[in-house]
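Just so it is clear, the values below take in all heavy atoms, side chains as well, and ignore hydrogens, waters and symmetry mates. Keep in mind the model is a prediction, meaning the values are calculated, not measured.
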Amino acid sequence: MERLAEYESLLIKWQKSINLVSAATLPELWRRHMLDSAQIAGLAPENAVRWADLGSGGGFPGLVIAILLRDRPGFGMHLVESDQRKCVFMREVARATGAPAKVYNERIEAFAAEAGPFDVVSARALAPLDRLLGWAVPLFGSDTIGLFLKGQGVQDELTAARKSWIFEADIYPSQSDPAGSVLKLRGLHGTDRQDAGS
């Protein structure tokens, strides 16, 4: 909690010059951002140590997870964000909290082309599921789990994504947002049509 509180104080300080989160959500920072991020830690395999967080922005959910799992032997969070200023912020939070996190200031496509498979891939409010899976699929191995925080319309996103992708999915109700969900995906690969086009 002390490390998360340090994260909170840094975010409030930096928010004055960088739009890290919606200003309207600041009064509910712990529920809207900290709890929302923290809830997915328990859905990851207990032996997961190599984790990629896509479009990390102000560090949600990746930095929260890295702080929570910092004592897991061998754990490392890989945060991918194209906005340079947000990357500087995340590096400062990782330094201040001792979170085992590495920040990549690049586009997801460039990161995914070289990064190889991860144990877990996560993202929060980044893109519709169909597009998100297109970015994430190079990071998936046979045992990779995807954990994606979603809002309303998750069933429509699943229907659209299944036109291009094959995967198994479980839906968990969000602990922080009555309208939200957490998608847990496994076995991701393209359909024959998708594979032929890639």
Item checked: Interatomic distance, Leu63 atom CG to Ser37 atom OG [nearest 0.5 angstrom] -> 9.0 Å
Notebook entry, point to check: In Å, rounded to the nearest 0.5 Å, how long is the span from CD1 of Ile108 to CZ of Arg131?
Noted result: 10.0 Å
Item checked: Criterion side chain to side chain contact (heavy atoms under 4.5 Å, CB included) on Lys102 and Met77, from CA distance to verdict -> CA-CA 6 Å; Lys102 184 174 182 181; Met77 176 64 71; over 6 Å; no
Just wondering, do [Y] and [X] contact through their side chains at under 4.5 Å, heavy atoms?
| X | Y | result |
| --- | --- | --- |
| Val64 | Leu4 | yes |
| Leu149 | Pro61 | yes |
| Phe111 | Leu139 | yes |
| His78 | Tyr104 | yes |
| Ile65 | Ser122 | no |
| Phe148 | Ile40 | no |
| Leu79 | Leu54 | no |

Who passes side-chain contact (heavy atoms from CB on, under 4.5 Å) against [X], sequence neighbours left out?
| X | value |
| --- | --- |
| Ser142 | none |
| Ala48 | Pro45, Arg72, Asp119, Val120 |
| Pro100 | Ala66, Arg70, Phe75 |

[X] to [Y] - nearest heavy-atom pair and separation:
| X | Y | answer |
| --- | --- | --- |
| Ser176 | Gln39 | OG-NE2, 3.6 Å |
| Leu68 | Ala38 | CD1-CB, 3.6 Å |
| Ala96 | Leu10 | CB-CD1, 3.8 Å |

Could you pull out all donor-acceptor pairs under 3.5 Å where a side-chain atom in residues 150-158 meets a protein atom, sequence neighbours excluded?
{"from": "Lys150", "atom 1": "NZ", "to": "Ala127", "atom 2": "O", "distance (Å)": "2.6"}
{"from": "Lys150", "atom 1": "NZ", "to": "Glu157", "atom 2": "OE1", "distance (Å)": "2.8"}
{"from": "Glu157", "atom 1": "OE1", "to": "Leu129", "atom 2": "N", "distance (Å)": "2.8"}

For residues 178-187, dump all side-chain donor-acceptor pairs below 3.5 Å to protein atoms at least two apart in sequence or in another chain.
{"from": "Lys184", "atom 1": "NZ", "to": "Leu43", "atom 2": "O", "distance (Å)": "2.9"}
{"from": "Arg186", "atom 1": "NH1", "to": "Asp170", "atom 2": "OD2", "distance (Å)": "3.3"}
{"from": "Arg186", "atom 1": "NH2", "to": "Asp170", "atom 2": "OD2", "distance (Å)": "3.3"}

Next item on the list: Would you mind listing every salt bridge (charged side-chain N to carboxylate O under 4.0 Å, His left out) that reaches into residues 32-50, with sequence neighbours excluded?
Entry: Asp36-Arg124
Would a distance-only check, ignoring hydrogens and angles, find a side-chain to backbone donor-acceptor pair under 3.5 Å from [X] to [Y]?
| X | Y | result |
| --- | --- | --- |
| Glu81 | Asn105 | no |
| Ser9 | Glu6 | yes |
| Gln175 | Leu35 | no |

Checklist line | In one Ile/Leu/Val/Met/Phe/Trp/Tyr side-chain cluster, 4.5 Å: Val49, Phe118 | finding: no
Checklist line | Residue pair Leu69, Trp51: steps toward the side chain to side chain contact (heavy atoms under 4.5 Å, CB included) verdict | finding: CA-CA 11 Å; Leu69 301 184; Trp51 189 311; 4.2 Å; yes
Next item on the list: State which residues pass salt bridge (charged side-chain N to carboxylate O under 4.0 Å, His left out) with Glu109; sequence neighbours excluded, sorted by chain then number.
Entry: Arg107
Throw together a table of side-chain donor-acceptor distances under 3.5 angstrom for residues 84-94, partners on residues two or more places apart or in other chains.
{"from": "Arg91", "atom 1": "NH2", "to": "Val103", "atom 2": "O", "distance (Å)": "3.2"}
{"from": "Glu92", "atom 1": "OE1", "to": "Arg95", "atom 2": "NE", "distance (Å)": "3.2"}
{"from": "Glu92", "atom 1": "OE2", "to": "Arg95", "atom 2": "NH2", "distance (Å)": "2.7"}

Check: How would you list, by chain and number, every residue that makes a ring-ring contact (aromatic ring centres under 6.0 Å, His included) with Tyr7, sequence neighbours excluded?
Finding: Phe60
Checklist line | With sequence neighbours excluded, residues passing ring-ring contact (aromatic ring centres under 6.0 Å, His included) with Phe167 | finding: none
Notebook entry, point to check: Partners of Ser56 by side chain to side chain donor-acceptor pair (under 3.5 Å), sequence neighbours excluded?
Noted result: Asp53
Next item on the list: Please list, chain by chain and in numerical order, all residues satisfying side chain to side chain donor-acceptor pair (under 3.5 Å) with Thr97, sequence neighbours excluded.
Entry: none
